J.: 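This is the structure I have questions about; it appears just below.
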Amino acid sequence: MKSLPARLLDSIASAAVREGLADAVYTRLETPIGRLLIVQGERGVVRVGFPEEPVDALLAQVAARLGSRIVASDRELGNTRDVFSAYFDGDDERLDLPVDLALVRSDFRREALTLLRAEIGPGQVVTYGGLAAKVGRPRAARAVGSACATNPVPIIVPCHRVLPGGGGVGGYAGGPARKRLLLAHEGAAVG
Amino acid sequence: MSAVVLPPFWSLVEAHGGELLVHARRMTGDANGEDVLQDALLRALRAYPRLRHAEHLRAWLYRVTTTTALDHLRARRREVLTDEPPATVSEPEHYDNAFDSLIAELPDGTQAALRLRFVEDLDYEGIAARLGCSSVAARQRVSSAIRTLRRQGVPA
């Protein structure tokens, strides 16, 4: 069965947003590190997905937390797309967007991610232990690692800037190759 | 948020949108199908969080689209009836083909049943599912409409 014309899909999604009927809106964006899925709720970006993540499972995750009235619209997320494009084009690397950490499961993880975003800017890096110390739990490097591994909004909350104390780039939700690319893009010195 | 786990609404739109548009067009004409479908999907979105289970969602969307199409046909008829001058009443510009103008005077539910039977070529089970009635009622609706058309001299 043929799908609906893009023009009609756009019109339906925009009307849904206008009438306050959408719990979340998503868009797909081509970037140098692959096609990202960006999901935004009323309070901000709630999920950023890498191309390997199955879209259905990812949206189901958002639906369980924000509600199932999820629509797709490039137009409604135009500003968010522009901010991401400015990051990848190197025009503005701050990714200054509202973020909603509703999909983060514990206060500690939320705290670690919030602090990471606030304090470690583009070009900077921090170790897992160093970030743990900033959160006030210097022995919780592993817990910081889990917070990063389950970060629902990678790139915006910059877990790619968190490195192992022993050298190398360590793991990354989107794979170590992407982590290296992002760090190189930001001009961070990595061993 | 509801206790049942419903799929993200847009996955339903992507999976069934095409056939729903065909359905909306057949019921209300090519020129109106897209507006009617948009209206129907917004209605569905409004009701979505209140659904108590996640079964038969495709059939549910068909029902919402059918209801919306019938409302549209009713509104259009009111428009036609109140139009001045009366000469425009019989003007068939709203209708897309001979079949539509043939059945235009019948009640909306009957029109819908006839379209489903003769345009979509559904059996009575299928018509019943779309209209939310029993298949016996669907058969009665179609056959009484055919009798009415015959009385009016239409070779149905």
Side-chain angles (χ1 to χ4, degrees), chain A residues 1-29 37-43 45-49 53-77 100 102-103 152, chain B residues 1-26 28-62 64-65 68-69 72 120 122 126 130:
Chain A
M1 178 60 67
K2 227 163 66 115
S3 60
L4 293 177
R7 166 185 45 77
L8 180 57
L9 287 170
D10 271 353
S11 165
I12 294 166
S14 289
V17 171
R18 204 165 48 237
E19 296 187 24
L21 296 174
D23 297 316
V25 185
Y26 69 92
T27 183
R28 294 186 180 88
L29 182 71
L37 185 82
I38 304 167
V39 193
Q40 188 165 320
E42 221 176 319
R43 297 194 302 187
V45 178
V46 71
R47 189 74 169 83
V48 174
E53 300 182 70
V55 175
D56 289 351
L58 193 154
L59 293 179
Q61 205 180 49
V62 174
R65 201 74 192 79
L66 264 59
S68 296
R69 298 180 303 175
I70 299 178
V71 304
S73 173
D74 292 353
R75 183 161 72 190
E76 294 300 320
L77 294 191
D100 181 358
L103 297 185
Chain B
M1 198 166 51
S2 50
V4 289
V5 181
L6 296 162
F9 189 77
W10 213 249
S11 65
L12 298 177
V13 173
E14 285 180 340
H16 309 305
E19 53 178 326
L20 290 170
L21 180 58
V22 171
H23 179 56
R25 281 188 173 141
R26 282 179 179 158
T28 61
D30 279 351
N32 305 298
E34 292 196 0
D35 284 348
V36 167
L37 180 63
Q38 170 157 336
D39 192 12
L41 290 176
L42 291 176
R43 282 189 196 190
L45 205 45
R46 248 174 237 119
Y48 201 48
R50 296 196 299 271
L51 290 186
R52 276 174 300 183
H53 58 76
E55 292 152 41
H56 314 302
L57 292 174
R58 176 172 170 269
W60 171 68
L61 285 174
Y62 264 104
V64 175
T65 306
T68 309
H72 174 89
E120 294 211 33
L122 292 182
R130 297 280 182 91

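The model shown is predicted, which means the values in this text are computed figures rather than measured ones. We name chains A, B, ... by the order of the sequence lines, and we start the count at 1 in each one.
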J.: What part of A:Ala60 gets closer than 4.5 Å to chain B, counting heavy atoms only: side chain, backbone, both or neither?
T.: backbone
J.: Please report the closest heavy-atom contact between A:Ile12 and B:Leu42, naming both atoms and the distance.
T.: O-CD2, 4.0 Å
J.: What part of B:Leu12 gets within 4.5 angstrom of chain A, counting heavy atoms only: side chain, backbone, both, or neither?
T.: neither
J.: Between A:Arg69 and B:Phe9, which heavy-atom pair has the shortest distance, and what is it?
T.: CA-CB, 4.2 Å
J.: Counting only heavy atoms not in B:His53, do more than 12 sit closer than 6.0 Å to its NE2 atom?
T.: yes
J.: Restricting to non-hydrogen atoms, name the atom on B:Gly17 and the atom on A:Leu4 that form the minimum distance, rounded to 0.1 Å.
T.: O-CD2, 3.2 Å
J.: Quick one: what part of B:Leu41 sits under 4.5 Å from any heavy atom of chain A, side chain, backbone, both or neither?
T.: side chain
J.: Just to verify, which of A:Ile70, A:Leu58, A:Val39, A:Val71 counts as forming a side chain to side chain contact (heavy atoms under 4.5 Å, CB included) with B:Pro8?
T.: A:Ile70
J.: Who passes side chain to side chain contact (heavy atoms under 4.5 Å, CB included) against A:Arg7, sequence neighbours left out?
T.: A:Pro5, B:Glu34
J.: For chain B, which residues from residues 18-28 of chain A lie under 4.5 Å away (heavy-atom distances)?
T.: A:Glu19, A:Leu21, A:Tyr26
